[in-house]
Amino acid sequence: MPSGSRSQAILDEPPTRTRYPLFGVALSLFMVLPPEEASDLLRQRLAALTAAAEEIGATIRRARDQDLAWWFLIEEDYRLAKVEAERAFVERLAASVTGDDYHQAWNHHFKGKT
């Protein structure tokens, strides 16, 4: 198979065919965690994502400072976009967990059962 064909196949693969990352799988069990524990875990995740975004961003800046062409940074730009998207999602989720509606729902469905 010519290398162009393999590259084309990879680029043509629909995003829905990717494997689930562990964080995505963990979200399926999110609701059974007590709100305080969920909030703590989300803060930890947010800190890790922030650190990762800063590290990737620094790598990109150093490469650009050395006049490296953008096409050599495509993978890092993609990684940064994914980390920033997940970070934004985790920020929204963390804000939702602090809401009264979440606490009431958790107390109604799970308090004393987990």
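Just so you know, residue 1 is the first one in the sequence shown, and it goes up from there.
No side-chain donor from either of Ser96 and Arg92 sits under 3.5 Å from a side-chain acceptor of the other.
Separating the CD atom in Glu91 from the CZ atom in Arg43 is a distance of 13.5 Å, to the nearest 0.5 Å. Annotation: the span from Arg45 atom CZ to Asp40 atom CG amounts to 15.5 Å, rounded to 0.5 Å. We find the CG-CD distance between Leu80 and Glu54 to be 11.0 Å, quoted to the nearest 0.5 Å.
Of all the heavy atoms in Arg87 and Thr50, the pair that sits closest is NE-OG1, 2.6 Å. Of all the heavy atoms in Ala63 and Leu73, the pair that sits closest is CB-CD2, 3.5 Å. Scanning all heavy atoms of the two residues, the minimum distance from Trp106 to Met31 falls at CD1-O, 2.9 Å. Closest approach of Ala52 and Val83 over heavy atoms only: CB-CG1, 4.3 Å.
Put simply, the side chain of Gln44 reaches to within 4.5 Å of the side chain of Leu41, judged on heavy atoms. Counting only heavy atoms from C-beta outward, the side chains of Lys82 and Arg79 never approach each other to under 4.5 Å. Side-chain atoms of Leu49 and Phe23, non-hydrogen and from C-beta on, never get closer than 4.5 Å to each other. Looking at heavy atoms from C-beta onward, Phe30 lies in side-chain contact with Leu42 at the 4.5 angstrom threshold.
A donor-acceptor pair under 3.5 Å links the side-chain atoms of Thr59 to the main chain of Glu55, judged by distance alone. Judged purely by atom type and a 3.5 angstrom limit, His108 has no side-chain atom pairing as donor or acceptor with the backbone of His103.
Within a 6.0 Å radius of CG in Asp100, other residues, nucleotides and ligands contribute 12 heavy atoms or fewer.
Cluster membership for Tyr78 and Phe72, using ILVMFWY side-chain heavy atoms within less than 4.5 angstrom, is not shared.
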